[in-house]
Amino acid sequence: AQVNGTLNNKRFPDDFKFGVATASYQVEGAWNEDGKGENVWDQVTHRVPSPIVNNDTGDVACDSYHKYKEDVAMLKDLGVDFYRFSISWSRILPTGFANEINEAGLQYYKNLVKELRANGIEPLVTIFHWDQPQPLEDLGGWTNDIIIDQFVDYARILFRELGNEVKYWLTFNEPKQTCNQGYGTAQKAPLITSPGMGEYLCTHNLLRAHAKAWRLYDEEFRQEQQGTIGITIDTPWFEPFSNSTADIEAAETKLQFTFGWYTNPIVYGDYPSVMQTNIARRSAQQGFKESRLPQFTEEEKAYIKGTYDFLGVNVYTTFLVSSTDEPDPSMGLDEDSEVLDWQPDDWESTASSWLKVVPWGMRKLVTWIKNTYDNPKIMITENGYSDNGTLEDDGRISYYERYLSSLRDAMELDGVDVIAYTAWSLMDNFEWMQGYSEKFGLYHVDFNSPNRERTAKKSALWYKNLLETRCLVEECVD
Ligand SMILES: O=S(=O)(O)CCCN1CCN(CCO[C@@H]2O[C@H](CO)[C@@H](O)[C@H](O)[C@H]2O)CC1
């Protein structure tokens, strides 16, 4: 049987790993229990008036802090190889500083890891998924370079306390969202508006924090613990609107400003040249003495280069890109001054404005990553679909079938070294500024009930079957 794509059976290799993902602020709740400190999402969701849809907060969320054994039972039933979850910095270090460890918070993660291992499930830990402690944010958060050493102290505690049981680490989830949307365009906590400045200061510190944490693991823990550590970077696929040279270059510019911004320093040791050139030119036009894009010293370039064992990639959708024949310096962010990107109205929609269903973009993206970054090991650390929460979620099944089919083609036909796939998300959860209005889960969560009952959707049973057969069609030919 054909499933949208070239290959017949879409069988995944026996050593290919399947998992699901969540993140601390989106599922845990217990925002102020057992000594946990306040983080930037607690602060933002408690503002009056609230900037979140329906005034939703993560105060309780899915209550996973109390219900993690139920969560592990669901994971066991799904038959996942691994569970990707993130650790709440402010649950471990309430002030953000490492002088005061919250033992109860650390114990929660030790219990979760123990429960996962007892059920034969590999933990994949994201050290940071957007929820930095508020006391650090009060000092400038990611725009203040003092955060670098606080992050490394936090990571050291996790490696030391959990590293005997946790063998797969991601330093950051989607640094672009942390920086661009957190400190540039006010679309994520801490909701700071400083486009063209905030995101670059944030990134310059975040990349150095990543490198220092990766080298800490590599030099002080890897020998004994034998784990592996990477970073998760997100990007849509950017498709040239026409095959004109200008549009092809414009699409490459978008990929460099979105994925290359982080991956070039980590793989090659510096920011993409197109970013350095464009931002320097625009900064001069705007009257700045220096480029708004900070410079790495030669030592920093050498220090950051090579700080990855694999690349985590979050991919959901695709945008079309064309060049503009009159670049407008005042237009949008640096990345938008030279290009236009959009999604056609007739592309298949979901419950999220930015998420159109474009399966062929998956193959294009991972093949571009292979060709651009010297064929790295790739883990798809998020891919998913949003709807209104129905249990009969055929749309989600169709999305996963087609995206996985496209991924399988990239592996089989383009030789892309994809080692794992993670479905976002295990269950409906707090979808940031959209609150609980957009549902991404394989399991439904009843947020109107204090028990937060979890119910398997049709897609959970579909994913369970895929994980058993490892094949995207009924009859699997070997
Ligand atoms: O200019 S727009 O705003 O129209 C488009 C840019 C906005 N997107 C939103 C999704 N984000 C990646 C997804 O973000 C990820 O995916 C999940 C679903 O969102 C989240 O729940 C996860 O926590 C997050 O890791 C990338 C930026």
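What you see below is based on every heavy atom in this structure, not just the backbone, and it leaves out hydrogens, waters and symmetry mates. Whatever order the structure lists ligands and atoms in, that order sets their numbers, starting from 1.
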When you compare ligand 1 with [X], is there at least one nitrogen or oxygen pair between them that comes in under 3.5 angstrom?
X	answer
Gln177	no
Glu174	yes
Lys188	no
Asn173	yes

Legend entry - Test: Lys377 and Asp309 ion pair at under 4.0 Å: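 Salt bridge absent between Lys377 and Asp309.
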Inset, instruction - Run the salt-bridge test on Lys36 and Asp42 with the 4.0 Å N-O cut-off and return the result as yes or no. - result: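 Yes, Lys36 and Asp42 are salt-bridged.
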Inset, instruction - Provide the closest heavy-atom pair for Phe238 versus Thr258 in the form atom of the first, atom of the second, distance. - result: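 It is CE1-OG1, 3.5 Å.
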For [atom], which protein heavy atom lies nearest, and how many Å away is it?
atom	answer
atom 6 (C) of ligand 1	Gln181 NE2, 3.9 Å
atom 19 (O) of ligand 1	Glu431 OE2, 2.7 Å
atom 4 (O) of ligand 1	Trp354 CB, 3.8 Å
atom 22 (C) of ligand 1	Glu382 OE1, 3.5 Å
atom 1 (O) of ligand 1	Gln187 NE2, 4.4 Å
atom 17 (C) of ligand 1	Tyr316 OH, 3.3 Å

Those atoms of ligand 1 less than 4.0 Å from some heavy atom in [X]:
X	value
Gln26	21 (O), 22 (C), 23 (O)
Trp130	24 (C)
Asp234	26 (C)
Trp432	20 (C), 21 (O), 22 (C), 23 (O)

So, [X] and [Y]: side-chain donor and acceptor under 3.5 Å apart, yes or no?
X	Y	result
Tyr83	Thr22	yes
Tyr200	Asp334	yes
Glu115	Asn111	no
Asn102	Asp34	no

Inset, instruction - Check for a donor-acceptor pair, side chain of His210 on one end and backbone N or O of Thr307 on the other, with a separation under 3.5 Å. - result: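 Yes.
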Inset, instruction - Evaluate the ring planes of Tyr154 and Trp89, with Trp represented by its six-membered ring, and classify them as parallel (under 30°), tilted (30 to 60°) or perpendicular (over 60°). - result: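 Because their plane-to-plane angle is under 30°, the rings of Tyr154 and Trp89 count as parallel.
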Legend entry - Side-chain heavy-atom pair His66, Glu33 within 4.5 angstrom cut-off: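 A side-chain contact under 4.5 Å exists here.
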Inset, instruction - Would you kindly specify which portion of Lys176 sits under 4.0 Å from ligand 1, judged on non-hydrogen atoms: side chain, backbone, both or neither? - result: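 For Lys176, there is no contact with ligand 1 at all, from either part.
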Legend entry - Which segment of Asn314 sits under 4.0 Å of ligand 1 when only heavy atoms are counted: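 Under 4.0 Å from ligand 1, Asn314 contributes side-chain atoms alone.
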